[in-house]
Amino acid sequence: MKKRKLKEQILATCLILPSLIVFTIFMFWPLARTVYLSFFDWNMIKPVKKFVGFQNYVTLLTDDLTYKVLGNTLLYIAILLVINFVFPYILSFILSFLMRKGKGFYKTAFFLPSVISLVVGSILYVWILNPVTGPIAKILVHFGIVLPIWSKSEGLVIWILSLVTSWKVFGYNFIIVLSGVMGVPQEVIEAAKIDHVSNYRIFTQIILPMSSATGIYVFIITIVQGLQYVFTPIKVVTQGGPNYASSNLIYQTYHEAFYMYRTGVASAFSVLSMVLFVGLLVLEFKYVEKGVYYEN
Amino acid sequence: MKIDKKQWLYQILFAAITIVLLFPIIFAISNSFKTLEEATNHIWRFIPAAPTLENYRHVFERLPFVRITMNTFLIAFTVTVFKSLTSILAAYAFVFLDFKGKGSLYFVLISTMFIPFTVTMIPNYITVSALGLNDNIWGVALPQLSDALGIFLLRQSMRTVPKSLIEVARMEKIGHARIIRDILLPLVKPAVVSTGIIFFINSWNEYVWPVLILKSKENYTLSLALQMFISSEGGTDFTVAMAVSVTTMIVPLILYMIFQKYIINTFALSGVKG
């Protein structure tokens, strides 16, 4: 028996090793190296890196731009959560328990944009929402409404770029939330309906708690992946402009690294965003965990 | 009667969302077959009055388009094959074998899904450059030969296979390679296929990493070529931009049409806790 255990240990190691090698070289080691680089003044080209201690972090934390970008990031998160977390939840409830027809069709249709490149999405929306020649503008003009040049309008630009990103993310999240919501036993809902419990209460007091495991997962990926997805429309459409009004933590890091060539500052930026992500996740877990419904 | 009214309202709501989501795709296809003149004057006309292939011809003329499509395919194919292999092996070990540190190793691997790419971007750029793979499609593929999402999705589906089945096979002294190939894979085939398709589509659409690595046009992937049509080089060529968009999205769309049931079911699994 002991021999089998040893054999199994060796075998498991061999099976996981290919993945582990890739992860070590291109994930774990770079992670450590980024932390290391954040303590240096460097531009990726100079042969010598200059140790500067916490200077890069001080530079970042005393720069107003950092706080502007942070504010933008939070706004992106809020919009993405409403469109890709709150809406899918409500719609999943309607589709699973209130609607009688169309489940298969809407699942397929909603997911479709998720397989298309966000570069394509960005380009299509740039033309669709073109303030002069786009189809939307041409309709609105009949009502005397002129579309603003959104890519140059502070504030508005974040909303539009979030919409473009949501076009891709929405269906993907919807499918996952839907499977969680459909996991709630039909009988429970039927029983509540017989007792004349309102749909609102069925949703908040039965559906939400009973699908919370899936809910938390989607909440997290909406934030973590959503912010990374937004990178593409930012890069393709605005390059962070106007005046950094559409930049977020992810884009700003890229900007520091590959436009400004401030490797140390960029590294410090990515360490900060990682801390923020981890902090958000921990907070969320602690806060939501109380309400999580556990099946026994 | 009241209930029927509500049903209609729900249907209208869902139909409206469907239209909003699918409109950009129809918009692109329809305008890619118009002349610039028709597109400018009749942007809402869905079926072109005088359909033309001129825009597509233009794309092939202006870009080394066959080469670019080939690059995109080669990267996506390589990444898919390697990710699938490494994920199958790792998922098998995580589900059916007992070993020390299993739980924590799995946790560490899976938590990398939540690390933003900016954290590894600079060192990976330095590594790939040091290997002389800058401006090379293999430099794009190399860091992506394994994938946490793949291990996660395949583990989820392998867990539905009874452990006793694998145990019996091992009692019969059937080797692990044969167990995986002849017993396990046929059982989890839908998940393996859809995970593979997802890898392929994601790589096909990838933008962030290739944009850092690839510099010259003949090494571009479709996403990068597409990006040129939004800046100076495309300028006002609206219909040509639509044609490139269509050529970029056609492959993922066809794959999705064929495998949609598999893909949707696999993703539906990913939210289930465990």
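Order of the sequence lines sets the chain letters (A, B, ...), proteins ahead of strands, with each chain counted from 1.
Using a 4.5 Å cut-off between heavy atoms, M27(A) contacts chain B through both its backbone and its side chain. For I197(B), no part sits under 4.5 Å from any heavy atom of chain A, backbone or side chain. With a threshold of 4.5 angstrom between heavy atoms, L91(A) approaches chain B through its backbone and through its side chain. Using a 4.5 Å cut-off between heavy atoms, L145(B) contacts chain A through both its backbone and its side chain. Looking at Y36(A), neither its backbone nor its side chain comes within 4.5 Å of chain B, counting heavy atoms on both sides. No part of S166(A) comes within reach of chain B, as not one of its non-hydrogen atoms sits under 4.5 angstrom from that chain. Residue V119(A) touches chain B through both its backbone and its side chain, counting heavy-atom pairs closer than 4.5 Å. Contacts between I198(B) and chain A at a heavy-atom distance below 4.5 Å are absent for every atom of the residue. Contact annotation for T133(A): only backbone heavy atoms (N, CA, C, O) come within less than 4.5 Å of a heavy atom of chain B. In this structure, chain B has heavy atoms under 4.5 Å from both the backbone and the side chain of L98(A). Interface remark: F117(B) contributes backbone and side-chain atoms alike to the contact with chain A (heavy atom separation under 4.5 Å). Heavy-atom distances place the side chain of V211(B), and not its backbone, under 4.5 Å from chain A. With a threshold of 4.5 angstrom between heavy atoms, I201(B) approaches chain A through side-chain atoms but not through N, CA, C or O. Interface remark: V115(A) contributes backbone and side-chain atoms alike to the contact with chain B (heavy atom separation under 4.5 Å). For I263(B), the part lying under 4.5 angstrom from a heavy atom of chain A is the side chain only. Heavy atoms of K168(A) lying under 4.5 Å from chain B belong exclusively to its side chain. Heavy-atom distances place both the backbone and the side chain of L89(B) under 4.5 Å from chain A. Proximity to chain B (any heavy atom under 4.5 Å) is shown, for L95(A), by both the backbone and the side chain. Neither the backbone nor the side chain of N31(B) comes within less than 4.5 Å of any heavy atom of chain A.
Contact annotation: the side chain of L20(A) approaches that of L109(B) to within less than 4.5 Å [non-hydrogen atoms, C-beta and beyond]. With contacts defined as side-chain heavy-atom distances shorter than 4.5 Å, the pair I126(B)/R33(A) qualifies. By the 4.5 Å heavy-atom criterion applied to side chains, L227(A) and P116(B) are not counted as neighbours. Two residues are said to be in side-chain contact when any heavy atoms from C-beta on lie closer than 4.5 Å; T232(A) and Q227(B) fail this criterion.
The most heavy-atom pairs under 4.5 Å with chain A, out of V251(B), L212(B), I25(B), come from L212(B). Top candidate by heavy-atom pairs under 4.5 Å with chain B, chosen from F170(A), F269(A), Y172(A), W29(A), is Y172(A). Interface remark: of the candidates L11(A), V218(A), V271(A), I223(A), L11(A) forms the most heavy-atom pairs closer than 4.5 Å to chain B. In terms of heavy-atom pairs under 4.5 angstrom with chain B, the leader among F28(A), F277(A), F231(A) is F231(A). In terms of heavy-atom pairs under 4.5 Å with chain A, the best-connected choice from L105(B), L255(B), L142(B) is L142(B). Each of K101(A), Q9(A), Q225(A) has some count of heavy-atom pairs under 4.5 Å with chain B, and the biggest count is that of Q9(A). Between chain A and the options I88(B), V119(B), T127(B), V20(B), heavy-atom pairs under 4.5 Å are most frequent for V119(B).
Annotation for Q7(B) and R100(A): closest pair OE1-N, 3.1 Å, computed over non-hydrogen atoms. Nearest heavy-atom pair, L21(B) versus W167(A), reported as atom, atom and distance to 0.1 Å: O-NE1, 2.8 Å. For the pair P135(A) and F23(B), the tightest heavy-atom approach, listed with the atom from each and the gap, is CG-CZ, 4.3 Å. Closest heavy-atom contact between T86(B) and P18(A): CG2-CB, 3.7 Å. Of all heavy-atom pairs spanning M44(A) and I122(B), the tightest one is SD-CG2, 4.2 Å.
Considering K102(B), R170(B), K100(B) as possible partners of E8(A), the one that fulfils the salt bridge (Lys or Arg N to Asp or Glu O under 4.0 Å) test is R170(B).
With sequence neighbours excluded, no residue forms a salt bridge (charged side-chain N to carboxylate O under 4.0 Å, His left out) with K34(B).
Residue-level contacts of residues 104-112 of chain A with chain B, in order of numbering, are F105(A), Y106(A), K107(A), T108(A), A109(A), F110(A), F111(A), L112(A); threshold 4.5 Å between heavy atoms. Within residues 91-99 of chain B, the residues approaching chain A closer than 4.5 Å by heavy atoms are, in numerical order, Y92(B), A93(B), F94(B), F96(B), L97(B), D98(B), F99(B). Using a 4.5 Å cut-off between non-hydrogen atoms, the part of residues 253-260 of chain A that approaches chain B consists of T253(A), Y254(A), A257(A), F258(A).
In this structure, the side chain of W127(A) does not engage the main chain of F238(B) through any donor-acceptor pair within 3.5 Å. Distance alone, capped at 3.5 Å, places no donor-acceptor pair between the T120(B) side chain and the P30(A) backbone. Put simply, the side chain of Q228(A) never gets that close to the backbone of T118(B): no donor and acceptor are under 3.5 Å apart.
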request  = Could you please spell out the steps behind the side-chain contact (heavy atoms from CB on, under 4.5 Å) verdict for I116(A) and N205(B)?
outcome  = CA-CA 7 Å; I116(A) 297 172; N205(B) 292 337; 5.5 Å; no
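The aromatic rings of F114(B) and Y217(A) sit perpendicular, their planes meeting at an angle over 60°, well past the 30° parallel limit.
Atoms OH and OH, from Y229(A) and Y207(B) in turn, are 15.5 Å apart once rounded to the nearest 0.5 Å.
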